[in-house]
There are 2 protein chains.
Amino acid sequence: MFDAKSQNSKETTQDAIYRRIRQSLLTGQASPGEALSIRRLVEKFEVSATPVRDALSRLEAEFVLVRGPNRVLMIPNLSVGELKDIHRLRAAIEGLSAELAADRATSDEIKEVSDLCDTMDAALAKGDADTYLTLNWAFHRSIYKAAHSDVALHIIENLWLRSGPYLRLPVLIDAAEQPSQSRQRSMQFHRACLAALQAGDADAARDAIQSDIAAASDELFQYMKAAHAAEVDNWVPDLRVPSK
Amino acid sequence: MFDAKSQNSKETTQDAIYRRIRQSLLTGQASPGEALSIRRLVEKFEVSATPVRDALSRLEAEFVLVRGPNRVLMIPNLSVGELKDIHRLRAAIEGLSAELAADRATSDEIKEVSDLCDTMDAALAKGDADTYLTLNWAFHRSIYKAAHSDVALHIIENLWLRSGPYLRLPVLIDAAEQPSQSRQRSMQFHRACLAALQAGDADAARDAIQSDIAAASDELFQYMKAAHAAEVDNWVPDLRVPSK
DNA sequence: CATCTACAAGTGTTATCACACTTAGGGTCG
DNA sequence: CGACCCTAAGTGTGATAACACTTGTAGATG
């Protein structure tokens, strides 16, 4: 049994492995292009192959992993075109979820969104990009959770997981700029969405979320364009943060 | 090795099992509420537990199956509220895909959509509800495939798979009515979408698809309301087709 | 009749093993 | 130098066995 301390008593081994692989994607510890071989994970986690296989099967089903040479499962590189499609879908689905949240959120849920705004401001003030990123996802997720639509929430979680490695990039680069204009602008959209939830204004909530998503994706594509001249949709971005 | 005839030479056992379980859902051979125990599937397919587990893990990851008593995986009953959320999401995502398809479809792809319209008309003229349902999905899928966005297509496929058992209901009931007004109306939306693809009109394509989805979901909820007085969103519909 | 206990049957989970196929690296030959 | 062959190492796949836990049933007791 591996690392019993980080595995709660009811969690199966496969669930724990699944959770940890997902986490490594969101935190940048694992990167697109990496292969996740069963045997290497067996050694790393000190478990048998069975729960590793189960976890990997799940991640393949979610398109978080794709088959590479010799059928090894790999974290896919997303092309610019795919990233654009993900952002279009996010705008559509997260916009709809924000509308539902404006109609359905409880006062406790709205307070949670508000508290997360405050802690995000604090992380920004400290220039702590990693914490900001973690809180950014928590902020968005709390809104979509308040929509009380598990169907939508699962789709959104999946899209965030798959595009997460790319979305981190401008935020990490930007951390050197203090205060960051882009992050301040995001917080304005976040505050606008919070106000819309408080007012039960579904249209305003949707617009604020969609503006936030559009700004983040514009920022990412601007960064990519500046880093590389290519404009082709099937170009695959290089995820290494440039040296300063 | 099970049923080698229906398993092509490159398909793994787990893939074949996965495909067959999905198929049984779409055709109504398996129904919400059923438990899929590993050992029963091992007997049914005459294979070992390992590929069965892999297939089931994938279906769980896609929320096609959920955990029941003793952690057995079951086909979930969807509540009215969940069905409504699925329809909202379908309208948003399939509408977006139809827009993309209007911009991106090749003439071969448009011809495929047109041919499918024709064969659907033929199935309707014969009162063949099962064939109509199969073709209806093929028709829609051909449009979304022409959008060239795998991200969106996979989400759509998943939503269709999960709501498929419910969407079959009014079509099967309706088959006795000849000609069926609802089916004729659907075909009008289908034809409108085809015309929009041919004209490269993204707005019209989106509107036609969304109208088709809205009409189908209205029909389903009207059928449910007529069958049962309950209006509560968490009511779980009974999927048995009533005796005639 | 209701409640409790014991046991069998059913559920999934994990470990281990062997096989098939692919990929990479080294050596040989023309 | 390029092409080909061979072998080792790496990849996943499926089979089998044992264990843990849960559920259902039958029998005993008050």
Side-chain angles (χ1 to χ4, degrees), chain A residues 1-22 30-77, chain B residues 1-22 30-77:
Chain A
M1 185 62 78
F2 83 110
D3 201 346
K5 270 183 298 184
S6 66
Q7 183 173 0
N8 71 50
S9 58
K10 289 180 190 161
E11 191 177 40
T12 61
T13 302
Q14 63 178 286
D15 281 346
I17 294 168
Y18 174 72
R19 176 175 50 78
R20 286 181 65 177
I21 294 172
R22 282 170 66 113
S31 304
E34 279 187 42
L36 277 67
S37 114
I38 293 171
R39 289 187 172 91
R40 273 191 278 112
L41 291 175
V42 163
E43 286 184 24
K44 178 179 178 181
F45 293 126
E46 296 182 319
V47 295
S48 77
T50 309
V52 171
R53 291 180 57 155
D54 287 338
L56 294 182
S57 284
R58 291 162 70 179
L59 292 163
E60 181 187 13
E62 296 173 337
F63 304 98
V64 172
L65 300 181
V66 295
R67 294 288 175 175
N70 218 7
R71 286 179 59 84
V72 70
L73 285 167
M74 304 181 73
I75 304 165
N77 285 296
Chain B
M1 183 63 79
F2 84 109
D3 199 347
K5 271 184 298 183
S6 66
Q7 184 173 357
N8 69 49
S9 57
K10 289 179 188 160
E11 191 178 40
T12 61
T13 302
Q14 61 178 286
D15 281 347
I17 294 167
Y18 174 72
R19 174 176 52 75
R20 286 180 64 178
I21 294 171
R22 282 170 66 114
S31 304
E34 279 187 43
L36 278 67
S37 114
I38 294 172
R39 289 187 171 92
R40 273 192 278 110
L41 291 175
V42 163
E43 287 184 24
K44 179 180 177 180
F45 293 126
E46 297 182 320
V47 294
S48 76
T50 310
V52 171
R53 291 184 57 139
D54 287 336
L56 293 182
S57 284
R58 289 163 69 180
L59 292 163
E60 182 189 12
E62 298 173 336
F63 304 99
V64 172
L65 301 180
V66 296
R67 294 287 176 178
N70 217 7
R71 287 179 59 84
V72 69
L73 284 167
M74 304 180 75
I75 303 165
N77 286 297

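Residue numbering restarts at 1 for every chain, and letters A, B, ... go by the order of the sequence lines.
- Taking atom CD of E11(A) as the reference point, atom C1' of dG12(C) lies 16 Å away to the nearest angstrom.
- Counting distance only, with no hydrogens placed and no angle test, the side-chain atoms of R53(A) and the base atoms of dG14(D) include a donor-acceptor pair under 3.5 Å.
- Residue T13(B) places at least one side-chain N or O under 4.0 Å from the OP1 or OP2 atom of dG14(D).
- Smallest separation of non-hydrogen atoms from D54(A) and S57(B): OD1-OG, 3.6 Å.
- Between Y18(B) atom OH and dT13(D) atom P there is a gap of 14 Å when expressed in whole angstrom units.
- Straight-line distance from the CE atom of M74(B) to the C1' atom of dT11(C): 12 Å, rounded to whole Å.
- For the pair R67(A) CZ and dT11(D) C1', the interatomic distance rounds to 10 Å; values are reported in whole Å.
- Remark on DNA chain D: of its neighbouring residues T50(A) and V72(A), the 5'-side contact belongs to V72(A), judged by nearest-heavy-atom nucleotide.
- At least one side-chain nitrogen or oxygen of S48(A) sits closer than 4.0 Å to the OP1 or OP2 atom of dA15(C).
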Can you give me the N/O atom pairs linking the protein to nucleotides 23-25 of chain C at distances under 3.5 Å, or say none if there are none?
none

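- Listed pair R71(B) / dT22(D) fails the phosphate criterion, with no side-chain N or O lying under 4.0 Å from OP1 or OP2.
- Look at CZ on R58(B): it is 13 Å from C1' on dG12(D), rounded to the nearest Å.
- Residues from residues 34-42 of chain A placing a heavy atom under 4.0 Å of any atom in DNA chain D, listed by number, are L36(A), S37(A), I38(A), R39(A), R40(A).
- Side-chain proximity of P51(B) to dG14(D), dG12(C), dG12(D): nearest is dG14(D).
- Distance check: R19(A) CZ to T12(A) OG1 gives 10.0 Å after rounding to the nearest 0.5 Å.
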Identify every side-chain donor-acceptor pair in residues 60-76 of chain A under 3.5 Å, counting partners at least two apart or on other chains, and give the distances.
from   : atom 1 : to     : atom 2 : distance (Å)
E60(A) : OE1    : R67(A) : NH2    : 3.0
E60(A) : OE2    : R67(A) : NE     : 3.1
E62(A) : OE1    : Y18(A) : OH     : 3.3
E62(A) : OE2    : Y18(A) : OH     : 2.6
R67(A) : NH1    : R71(A) : O      : 2.7

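- Interatomic distance, I17(B) CD1 to L36(B) CG, rounded to the nearest 0.5 Å: 11.5 Å.
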